[in-house]
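One structure is given here, and the rest of the page talks about it.
Quantities reported herein were computed from a predicted structural model and do not represent experimental measurements. As the structure lists them, so they are numbered: ligands from 1, and atoms in each ligand from 1. In this chain, residues are counted from 1 in sequence order.
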Amino acid sequence: MPNIVILASGSGSNAQRIAEFFSGDDRVHIPLILSNNPRAYVLERAQSLGIPARVFSREEFYAPGSIVSLLQEQNADWIVLAGFLWKVPDALLRAFPGRIINIHPALLPDYGGKGMYGHHVHEAVLRDGRPQSGITIHYVNEQYDAGEVILQARCPVLPSDTPDSLAARVHTLEYAFYPVALQWCFFGSNQS
Ligand code: GAR
């Protein structure tokens, strides 16, 4: 049974969607949700979902071994980033090779990299007058938003869009595709 630890920095709507999707699948267990932000709404969502949650500091995250040990204690098989904004340290990448997955709210390689997250992405897409945006689900490597792509999905950008309305459309794609893309990564094409 794969153990999935979710890392989130903010609202955590993707974390909730993933937890609800897999709550009906007794092959998947989510023992812990981790956040770098003590005020993140994802912590309240974790409580409502009955999933233990923990906050870590920058020092803990980047100290050699600290987060890796915590994840190993949980017998984590996969690390799922759901709106997590810190760069993943090399020690964590080495401990979970090909086992850390991220979602980005744009069609990478466009609008990725340091500082490109959440509403900054949607503001940039609108500023550039792009006709389309979307999501990219990808493996995490040592560079921001540059790991191997697992799945991309597109949506239109409308002339009337604001960053909030575009974010809402992109979130709809995230909720539809992130859980199924994860399921595919965990179990391959054989879903039964
Ligand atoms: C999501 O749109 C996710 O793609 C984005 O943050 C949002 C988190 O929303 N991630 C990034 O920008 C990572 N670079 P949520 O907290 O409601 O799931």
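Between His104 and ligand 1, at least one pair of N/O atoms sits closer than 3.5 Å. At least one N or O atom of Asn14, backbone or side chain, sits closer than 3.5 Å to an N or O atom of ligand 1.
Looking at atom 12 (O) of ligand 1, its nearest protein heavy atom turns out to be Gly118 N, 3.0 Å. Shortest contact from atom 3 (C) of ligand 1 to any protein heavy atom: Glu174 OE2, 3.4 Å. The protein non-hydrogen atom at the shortest distance from atom 17 (O) of ligand 1 is Ser13 OG, 2.5 Å. Protein heavy atom closest to atom 9 (O) of ligand 1, with residue, atom name and distance, is His171 NE2, 3.2 Å. In this structure, the protein non-hydrogen atom closest to atom 11 (C) of ligand 1 is Pro105 CD, 3.5 Å.
Not close to ligand 1: Ala8, with no non-hydrogen atom less than 4.0 angstrom away. Look at His120 and you'll find every heavy atom at least 4.0 Å from all atoms of ligand 1. Under a 4.0 angstrom heavy-atom cut-off, Ile103 registers as being in contact with ligand 1.
Checking side-chain atoms of Glu60 against main-chain N and O of Ser57 turns up a donor-acceptor pair under 3.5 Å. Put simply, the side chain of Ser66 never gets that close to the backbone of Tyr62: no donor and acceptor are under 3.5 Å apart.
The aromatic rings of Tyr175 and His171 sit parallel, their planes meeting at an angle under 30°, below the 60° perpendicular limit.
Each of Ile6, Asn37, Asn102, Asn36 was compared with Phe84 under the side-chain contact (heavy atoms from CB on, under 4.5 Å) criterion, and only Asn36 meets it.
Heavy-atom proximity to atom 6 (O) of ligand 1, evaluated over Gly12, Gly83, Ala40, Gly112, is greatest for Gly83.
Annotation: Tyr117, atom OH; neighbour count of heavy atoms from other residues, nucleotides and ligands within 6.0 Å does not exceed 12. Counting heavy atoms of neighbouring residues, nucleotides and ligands inside a 6.0 Å radius, atom CD of Gln47 does not exceed 12 of them.
Remark: ligand 1 atoms within the under-4.0 Å shell around heavy atoms of Tyr117 are 12 (O), 14 (N). Proximity to Met116 (heavy-atom distance under 4.0 Å) selects the following atoms of ligand 1: 14 (N). Close contacts of ligand 1 with Ser11, meaning ligand atoms under 4.0 Å from a residue heavy atom, involve 16 (O), 17 (O).
Nearest approach of Met116 to Val121, heavy atoms of both residues: C-CG2, 3.6 Å. Across Leu43 and Pro38, no two heavy atoms sit closer than the pair CD1-O, 3.4 Å.
Judged by the 6.0 Å distance and 45° axis criteria, Arg27 is positioned over the aromatic ring of Phe187.
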